[in-house]
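Counting convention: from 1, in listed order, for ligands and their atoms alike.
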Amino acid sequence: MAHLLVTGGAGFIGANFVHFWQARHPGDRVVVLDALTYAGNRASLAAAERLPGFRFVQGDIGERQRVENLLREEAIDTIVNFAAESHVDRSIHGPEVFVEVNVAGTQVLLEAARSVWLAADRPRGEHRFHHVSTDEVYGSLAPDDPPVSERSAYAPNSPYAASKAAADHLVRAYNRTYGLRTLVSNCSNNYGPYQFPEKLIPLCLVRLLAGEPLPIYGDGLNIRDWMHVEDHCRGIELVLEHGRPGETYNLGGDCERNNLETVRLLCRLVDQAFEDDPALGIRFPAAPPVHGQQCRDRIELVDDRPGHDRRYAVDSTKARRELGFEPRLELERGLAATVRWYLDNEPWWRAVMDGSYRTWIDRQYSG
Ligand code: NAD
Ligand code: TYD
């Protein structure tokens with residue numbers, strides 16, 4: 001039986017990971033440590049809280065003593081670190097907190113793990129420190145560049161990506177210097193249930209339902225490599241169970257699409273959902289299909305994001321060869337399931353779109 005500490009477990013990927021892990025490892029202890037920032041929602045863990053072996057702790061990964069106490073008291077042997085500030089646009093407006101949480105916070109977590117797991121008077125035992133990172137650390141690719149592998153150079157372009165890159169280097173250093181059994185996974189763009197509606201897909205979805213325009217940056221031809229969050233969770237599980245300590249693994253969706261293609265596909269799926277279920281027109285009277293319009297007509301090209309990376313694409317050969325990793329949910333199927341989830345879980349997204357969310361969105365997209 002493993003004892004997991006899942007930091008940032010009330011966020012998008014963390015919450016999906018908790019549900020995924022509980023379903024697959026019902027005997028394990030799962031402790032979530034989350035500061036509940038604007039992006040963290042305890043409601044995303046409602047189903048997890050009903051199961052035995054689960055505990056939620058509200059707290060900051062930067063509180064060293066607190067983390068150490070938790071590691072000892074819960075006999076934690078596995079840390080999965082999702083805790084982070086994760087939105088590129090927010091990092092452009094306020095980079096400081098990205099350094100505080102993503103860099104300094106990760107270092108405190110590493111130090112707490114080192115002092116508890118590698119203490120001189122303790123048997124070393126089995127432990128795993130899994131750091132969840134992003135493909136954005138590698139920077140932008142030209143159209144003909146090969147996808148990034150673990151050997152590609154780091155070249156982060158946004159404060160978010162730079163903070164994640166710095167954290168990755170610290171994780172590596174704690175392995176090489178102290179022998180902490182670390183693992184890093186660098187994954188491409190995720191979508192799926194519980195994603196905060198500031199990221200492209202849920203943002204467009206909830207705006208369509210409200211009859212609002214879809215703001216697509218620049219010429220809309222920036223490419224992302226999309227992966228359903230469930231595939232990412234499966235990838236992390238494989239890395240945790242079979243990855244070699246000290247190694248990093250790239251996880252990609254094998255699904256490069258430019259933003260216009262992705263958003264047009266989403267629009268088509270929403271049109272279809274309204275056609276299939278006339279009751280949606282009563283719940284969402286401002287949505288384009290209710291007015292005889294197509295959702296894609298609401299796409300608007302707006303000013304580009306500064307430093308906007310043109311293309312991401314991830315080569316997962318190492319994870320495929322060593323771990324048998326393979327993304328399973330093809331984009332159209334995964335997006336259709338995501339549209340369904342947001343339609344079925346309106347109270348969840350209404351609740352997270354509170355005052356501070358509105359302030360941010362109004363600042364981003366007014367005029
Ligand atoms: P998210 O913003 O939805 O969730 C982040 C969570 O971390 C929130 O619950 C928040 O409350 C918590 N948190 C923030 N600061 C904290 C602190 N100081 N102490 C404790 N908890 C804190 O992010 P996400 O999209 O779920 O991403 C999770 C991780 O995966 C991040 O590290 C991100 O860099 C990485 N990642 C994300 C994607 C993606 O497409 N979303 C892709 C690859 C990697
Ligand atoms: P995002 O979801 O913010 O993820 P990331 O920047 O980490 O890749 O954005 C995905 C893509 O969508 C990215 O190219 C930026 C673009 N985008 C828009 O065009 N409009 C938007 O309102 C947002 C949030 C993103």
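- If you check each of Ile61, Thr37, Val132 against atom 35 (C) of ligand 1, the one with the closest non-hydrogen atom is Val132.
- The aromatic ring centres of Tyr191 and His228 sit less than 6.0 Å apart.
- For ligand 1, one of its N or O atoms has an N or O atom of Asp60 under 3.5 Å away.
- Taking any N or O of Glu85, backbone or side chain, none lies under 3.5 Å from an N or O belonging to ligand 1.
- For Tyr154 and Tyr138, the distance between ring centers is under 6.0 angstrom.
- Residue Gly62 places every heavy atom at 4.0 Å or more from ligand 1.
- Within the set Ala15, Gly40, Ala35, Ser86, the minimum heavy-atom distance to atom 23 (O) of ligand 1 is found for Ser86.
- The backbone N or O of Pro143 lies less than 3.5 Å from a partner atom in the side chain of Arg311, making a donor-acceptor pair.
- Of all protein heavy atoms, the one lying nearest to atom 33 (C) of ligand 1 is Tyr160 OH, 3.4 Å.
- Across Ile13, Asp135, Val229, heavy-atom proximity to atom 27 (O) of ligand 1 is greatest for Ile13.
- Scanning the protein for heavy atoms near atom 22 (O) of ligand 2, the closest one is Tyr365 OH, 2.5 Å.
- Residue contacts with ligand 1, taken as heavy atom pairs separated by less than 4.0 Å, do not involve Asn81 at all.
- For ligand 1, the polar-atom distance check finds no N/O of Ala83 at less than 3.5 Å from any of the ligand's N/O atoms.
- With respect to Tyr249, the side-chain hydrogen bond (donor to acceptor under 3.5 Å, both in side chains) criterion is satisfied by exactly one of Glu322, His242, Glu150: Glu322.
- Distances between N or O atoms of Glu136 and those of ligand 2 include at least one value under 3.5 Å.
- Using a 4.0 Å heavy-atom cutoff, Ser133 is listed among the residues neighbouring ligand 1.
- Not one N or O of Asp89 is nearer than 3.5 Å to an N or O of ligand 2, by distance alone.
- Between Tyr194 and Trp341, the distance from one ring center to the other falls under 6.0 angstrom.
- Across Asn16, Asn189, Asn190, a single residue satisfies side-chain hydrogen bond (donor to acceptor under 3.5 Å, both in side chains) together with His232, and that is Asn190.
- Within the structure, the closest approach of Phe82 to ligand 1 falls below 4.0 Å when heavy atoms are considered.
- Looking at atom 20 (N) of ligand 2, its nearest protein heavy atom turns out to be Pro215 O, 2.8 Å.
- With Arg224, Arg305, Arg311, Glu198 as candidates, the residue nearest to atom 1 (P) of ligand 2 on a non-hydrogen basis is Arg305.
- With respect to atom 4 (O) of ligand 2, the closest heavy atom belonging to the protein is Asn189 ND2, 3.3 Å.
- Residue Leu200 has at least one N or O atom closer than 3.5 Å to an N or O atom of ligand 2.
- Numbered from 1 in the order shown, with element, the atoms of ligand 1 that lie under 4.0 Å from a heavy atom of Lys164 read 31 (C), 32 (O), 33 (C), 34 (O).
- Ranking the protein heavy atoms by distance from atom 13 (C) of ligand 2 puts His308 NE2, 3.5 Å first.
- Residue-to-ligand polar distances keep Tyr312 apart from ligand 2: every N/O pair is separated by 3.5 Å or more.
- Considering only non-hydrogen atoms, atom 42 (C) of ligand 1 lies nearest to Ser188 out of Ser188, Gly59, Ser185.
- For ligand 1, the atoms sitting less than 4.0 Å from at least one non-hydrogen atom of Leu36 are 11 (O), numbered in the order shown with element in parentheses.
- The atoms of ligand 1 that sit less than 4.0 Å from any heavy atom of Val101 are 15 (N), 16 (C), 18 (N).
- Looking at Gly8, Ala161, Ala84, Gly14 and measuring to atom 5 (C) of ligand 1, the nearest heavy atom belongs to Ala84.
- Only the side chain of Leu203 comes within 4.0 Å of ligand 2, counting heavy atoms alone; its backbone N, CA, C and O stay farther away.
- At the shortest separation from atom 16 (C) of ligand 2 among protein heavy atoms lies Asn259 ND2, 3.4 Å.
- Of all the listed residues (Tyr160, Phe196, Tyr217), Tyr217 holds the heavy atom that lies closest to atom 18 (C) of ligand 2.
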**Message:** Please evaluate residues Phe129 and Leu110 with respect to the criterion side chain to side chain contact (heavy atoms under 4.5 Å, CB included), reporting the C-alpha separation (whole Å), side-chain torsions for both, the decisive distance (0.1 Å), and the verdict.
**Reply:** CA-CA 8 Å; Phe129 186 109; Leu110 286 161; 3.7 Å; yes
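- If you look at Val302 next to ligand 2, there are no close heavy atoms at all, none under 4.0 Å.
- Considering both main-chain and side-chain atoms, Gly11 comes within under 3.5 Å of ligand 1 through a nitrogen or oxygen pair.
- The Asn189 neighbourhood of ligand 1 comprises atoms 40 (O), with distances under 4.0 Å to a heavy atom of that residue.
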